[in-house]
Amino acid sequence: MIKKTLTLIITCIFGISSFARNNVPKVIPALQSWKGQSGKFVPEKTGTIVISKKDSSLLMQTAAILADDMKEMFGYEYTVSITGKAKKGDISLSLNKKKDQLGSEGYECSIGTKIEIEAETTKGVFWGTRTLLQMIYNQPDGLQKGKATDFPKYPNRGFMIDVARKFFTLDFLKDYVKILSFYKMNELQIHLNDNGFLEFADNDWNKAYSAFRLESDKFPGLTAKDGSYTKEEFRELQIMAQQYGINIIPEIDVPAHSLAFTHYNPKLAADNKEYGADHLDLYKKEVYDFADSLFDEYISGENPVFIGPEVHIGTDEYNLKEAEQFRRFTNHYISLIKKYGKTPRLWGSLSKMKGETEVNLDGCVVSAWNANWMDVKTSLATGAKVVNLCDWFLYIVPHVNYYHDFLEYEWLYNNWKPEMMRKEEKIETGNPNFLGAMLAVWNDRVSNGVSQQDVHIRCFPAIQLLSDKLWKGEKQKAVPFKDFEALCSTTPEAPGVNLMAKVEKPGKLVNDGKVLSLNGNETVTNSVKEIGYPYAVEFELRTDSVPAIDAILFKGPHSEFIANWHNTGKFAFRRDGYEFVFHDYRMPAGEWTKIRIEGDVKGTTLFVNGKKAERLEGRTREVYNFRHNRKDRFWYLETLIFPLETIGDKYMGFKGEIKNVSYGHIEY
């Protein structure tokens, strides 16, 4: 499973025969329609992006982003001109109300003596620019002339990220906006509160991890101390996302998964100890007052924090004994969100939470997430609009033994349909209330060592796959999986984004024969920032006779590699708030030593003078789960995307000499 996944992630070159035979441009998601013509259009390295004056207020931002992206990806210098008259060699962006047959996201892209992207809406034009960038990247010798007519099969194509149990930086989320947009995915759901599992906290709710990630003025002290977003940061993220064609859906999860709120105020917790302290008490007025006020803080006013059209209210996995009151609670928060003029989105859970209280889902969007708790068919039967997040197919939970560490890409590509929740299921298509599907990543195992980039390595190939399934629809299977997989492996993440830390070719940071001397407070900067899995980094090292303690030897945008950890001579590395140590080897002071580090998706290996010294992989922790009368296991992930941006550090740098520093991807 992991080996197949690595092929999708890492493989650099495959034959792309099916695409080449019919000259259809190679893009993800695939085009709905292409009419090829003879000849090629070769973009100039300098040029003009043309928009008309009447369209300038709507298309200026799109044109500016395209110009920036062309410079980032190809080094092209394009300026934006408000003339409306495109000449030979120009790129023309325009709005045309007559293109309404393409829908709100469709577009036409014509390539002749110039490039013309035309759509009814700004979003349609923007998606056309994403296609153009991929065309240029995948056709370096010139663009095949012709005309693309393109539009999505499903209107909602999304990704949900659990930032509550693992914090993701704002920069990471901004990168993900660009990634989703590059693949024409148009929704990003951000799960803002949740908690860890009781059994991994000594079966004590007071010790269990919980977090709410947004700044709060009404409830000082509620916001997580180990990572959060200010209100202004969250607004800015949503504004950026809108510019890139993406709707951000913020989620405050109640009444279960709410330990962050009961840690803040224990009186909010259900009195019934069987339910767990992560359950809000559905009968207390104080609970409703708190949750009402919390939602109000982010939705009300002239400058609300949640600026998009939808707000997710959670509502999943409460104790079944309270089904009737749970349904009343759900109605209350559906009504509350609607009162602010927003569309409620919810997990629902009504298939299991049965009762006589009717839950009015009219005007709501249901996240159909489980065949038993809330499935697609049940949700559609209520008259609600539905997005499929089926856990069996679309849940990634990094480094656990349930759900998926990596998705079953080939099976999904060949068999899965967006309406599907079970492998053996009769699928009904064409229901106008079925909107699409969404990939979800849940970070259930708090503090298990998984990094932001480890999450990305699992999610990015899945985003590529879902984008194609949801945009192209059934016609997508005309391309064999191996050809699609090959295209995925060579298509960039997004303009200016390289979270996988791919490097084009092996390299050296310190030339053969040269010795670099460092005094503990100086750095050498390199053009390569980091290298991703699978890789090898080699160097020769000699410390001073009195080596610096906890010395930073290599540093990058996401990690540090340490020599003489805690004055023990051991190597270590830090990233995402974690520290990992190679305990089995101590480097002697004052002696030249040859070091090799190898890293892959499962762990990190230290070699000393050509011999394997230690592998960091497979460390586990076993606990007893009193609620379920069993043992549970916790797996740690001790991985490193190796930092290369600087050798040494200005404040905590290495003291000694280093030579023959080289890096490169390796076969795995």
- request: Give me the ring orientation class for Phe172 and Phe168: parallel if the planes are under 30° apart, tilted from 30 to 60°, perpendicular past 60°.
  value: tilted

message: Before you tell me yes or no, could you show the steps for Glu617 and Arg615 under salt bridge (Lys or Arg N to Asp or Glu O under 4.0 Å), namely the whole-Å CA-CA distance, both residues' side-chain angles and the distance that decides it to 0.1 Å?
response: CA-CA 6 Å; Glu617 181 191 352; Arg615 168 73 171 176; 2.9 Å; yes

Min side-chain heavy-atom separation Asn370-Asp316 under 4.5 Å: no

task: Can you run down the salt bridge (charged side-chain N to carboxylate O under 4.0 Å, His left out) pairs that involve residues 386-402, sequence neighbours left out, and say none if there aren't any?
output: none

query: How many angstroms lie between atom OH of Tyr288 and atom OG of Ser293, to the nearest 0.5 angstrom?
result: 16.0 Å

field: Full working for salt bridge (Lys or Arg N to Asp or Glu O under 4.0 Å) between Lys602 and Asp454
entry: CA-CA 10 Å; Lys602 296 189 288 186; Asp454 287 324; over 6 Å; no

Candidate pair Lys178 and Tyr244, rule side chain to side chain contact (heavy atoms under 4.5 Å, CB included), full reasoning: CA-CA 7 Å; Lys178 294 180 180 180; Tyr244 280 79; 3.8 Å; yes

message: Filter on salt bridge (charged side-chain N to carboxylate O under 4.0 Å, His left out), then keep only pairs touching residues 284-293, sequence neighbours left out; what's left?
response: Asp271-Lys284, Lys285-Asp289

task: Would you check if the side chain of Thr223 reaches a backbone N or O of Ser216 as a donor-acceptor pair within less than 3.5 Å?
output: yes

message: Can you tell me how far apart CD (Glu233) and OG (Ser228) are? Round to the nearest 0.5 Å.
response: 7.5 Å

message: Under the criterion side chain to side chain contact (heavy atoms under 4.5 Å, CB included), I'd like the reasoning laid out for Trp565 against His583: C-alpha separation, chi angles, the key distance, then a yes or no.
response: CA-CA 10 Å; Trp565 178 78; His583 284 289; 4.0 Å; yes

message: Under a 3.5 Å cutoff, is there a donor and acceptor pairing between the side chains of Gln452 and His558?
response: no

- line: By side-chain hydrogen bond (donor to acceptor under 3.5 Å, both in side chains), Gln189 pairs with (sequence neighbours left out) Glu251

task: Starting from the C-alpha separation in whole Å, work towards a yes-or-no answer on side chain to side chain contact (heavy atoms under 4.5 Å, CB included) for Phe626 and Leu198.
output: CA-CA 9 Å; Phe626 283 97; Leu198 181 64; over 6 Å; no

Partner residues of Arg235 under the side-chain contact (heavy atoms from CB on, under 4.5 Å) criterion, sequence neighbours left out: Lys231, Glu232, Asn303, Val305

- prompt: Taking it one step at a time, do Arg213 and Asp226 satisfy side chain to side chain contact (heavy atoms under 4.5 Å, CB included)?
  reply: CA-CA 9 Å; Arg213 297 296 183 192; Asp226 62 341; 2.9 Å; yes

query: Taking atom types as modelled, is there a side-chain donor on His279 or Glu322 under 3.5 Å from an acceptor on the other?
result: no

task: Flag yes if more than 12 heavy atoms outside Trp411 fall under 6.0 Å of its CH2 atom; otherwise flag no.
output: yes

Pairing residues for Phe167 by the ring-ring contact (aromatic ring centres under 6.0 Å, His included) criterion, not counting sequence neighbours: Tyr229

- prompt: side-chain contact (heavy atoms from CB on, under 4.5 Å) with Ile248: which of Ile239, Leu173, Ile190?
  reply: Ile190

query: Is there a donor in the side chain of Asn448 and an acceptor in the side chain of Tyr578, or the other way round, less than 3.5 Å apart?
result: no

Side-chain (Thr378) to main-chain (Leu350) donor-acceptor, under 3.5 angstrom: no

query: Would Phe219 and Phe212 satisfy ring pair (Phe, Tyr, Trp, His ring centres under 6.0 Å), going step by step from the backbone distance to the final call?
result: CA-CA 11 Å; Phe219 302 102; Phe212 176 71; 9.1 Å; no

field: Partner residues of Lys352 under the salt bridge (Lys or Arg N to Asp or Glu O under 4.0 Å) criterion, sequence neighbours left out
entry: none

field: Test item: Glu530 side-chain N/O and Gly556 main-chain N/O as donor-acceptor pair under 3.5 Å
entry: no

- prompt: By salt bridge (Lys or Arg N to Asp or Glu O under 4.0 Å), which residues pair with Glu274, not counting sequence neighbours?
  reply: Lys321

message: Between Glu408 and Lys423, is the salt bridge (Lys or Arg N to Asp or Glu O under 4.0 Å) condition met? List the steps.
response: CA-CA 12 Å; Glu408 299 176 56; Lys423 285 191 175 182; 3.6 Å; yes

query: Should the pair Phe642 and Phe561 be assigned to parallel (<30°), tilted (30 to 60°) or perpendicular (>60°) ring geometry?
result: tilted

Under 3.5 Å donor-acceptor pairs involving side-chain atoms of residues 156-166, not counting sequence neighbours:
| residue | atom | partner | partner atom | Å |
| --- | --- | --- | --- | --- |
| Asn156 | ND2 | Glu187 | OE2 | 2.6 |
| Arg157 | NE | Lys184 | O | 2.8 |
| Arg157 | NH1 | Glu105 | OE1 | 3.0 |
| Arg157 | NH1 | Tyr154 | O | 2.9 |
| Arg157 | NH1 | Pro155 | O | 3.3 |
| Arg157 | NH2 | Glu105 | OE2 | 2.8 |
| Arg157 | NH2 | Lys184 | O | 2.9 |
| Asp162 | OD1 | Ala164 | N | 3.0 |
| Asp162 | OD1 | Arg165 | N | 3.2 |
| Asp162 | OD2 | Arg165 | NE | 3.0 |
| Asp162 | OD2 | Arg165 | NH2 | 3.3 |
| Asp162 | OD2 | Asn443 | N | 3.1 |
| Arg165 | NH1 | Asn195 | O | 3.4 |
| Arg165 | NH2 | Asp194 | OD2 | 3.4 |
| Arg165 | NH2 | Asp444 | OD1 | 3.2 |
| Lys166 | NZ | Val450 | O | 3.2 |
| Lys166 | NZ | Asp576 | OD2 | 3.1 |

- prompt: So, the side chain of Ser379 versus the backbone of Ser367: is there a donor-acceptor pair under 3.5 Å, distance only?
  reply: no

- prompt: Residues in side-chain contact (heavy atoms from CB on, under 4.5 Å) with Lys338, at least two apart?
  reply: Ile334, Pro344, Cys364

- prompt: Just checking, is any N or O donor in the side chain of Glu317 or His257 under 3.5 Å from an acceptor N or O on the other one?
  reply: yes

- request: Indicate yes or no for a side-chain donor-acceptor contact from Arg627 to the backbone of Glu199 under 3.5 Å, with no hydrogens or angles considered.
  value: no

query: Between Thr357 and Glu324, does any side-chain donor sit less than 3.5 Å from a side-chain acceptor?
result: yes

Under 3.5 Å donor-acceptor, His399 side chain and Tyr636 backbone: yes

statement: Applying side-chain contact (heavy atoms from CB on, under 4.5 Å) to Tyr340 and not counting sequence neighbours gives Asp296, Ile299, Ser300, Leu336, Lys342

- request: Determine, step by step, whether Trp205 and His263 satisfy the ring pair (Phe, Tyr, Trp, His ring centres under 6.0 Å) criterion, reporting the C-alpha distance in whole Å, the side-chain angles of both residues, the deciding distance to 0.1 Å, and the verdict.
  value: CA-CA 9 Å; Trp205 284 114; His263 273 171; 8.2 Å; no

message: Once side-chain hydrogen bond (donor to acceptor under 3.5 Å, both in side chains) is applied, do any residues pair with Arg328, and if so which ones, sequence neighbours excluded?
response: Gln325

query: Parallel under 30°, tilted from 30 to 60°, perpendicular over 60°: which one fits the rings of His312 and Trp347?
result: tilted

- prompt: If you measure from the Lys or Arg side-chain nitrogens to the Asp or Glu carboxylate oxygens, is any gap between Glu297 and Lys218 under 4.0 Å?
  reply: no

field: Test side-chain contact (heavy atoms from CB on, under 4.5 Å) applied to Asp204 - qualifying residues, sequence neighbours left out
entry: Asn206, Lys207

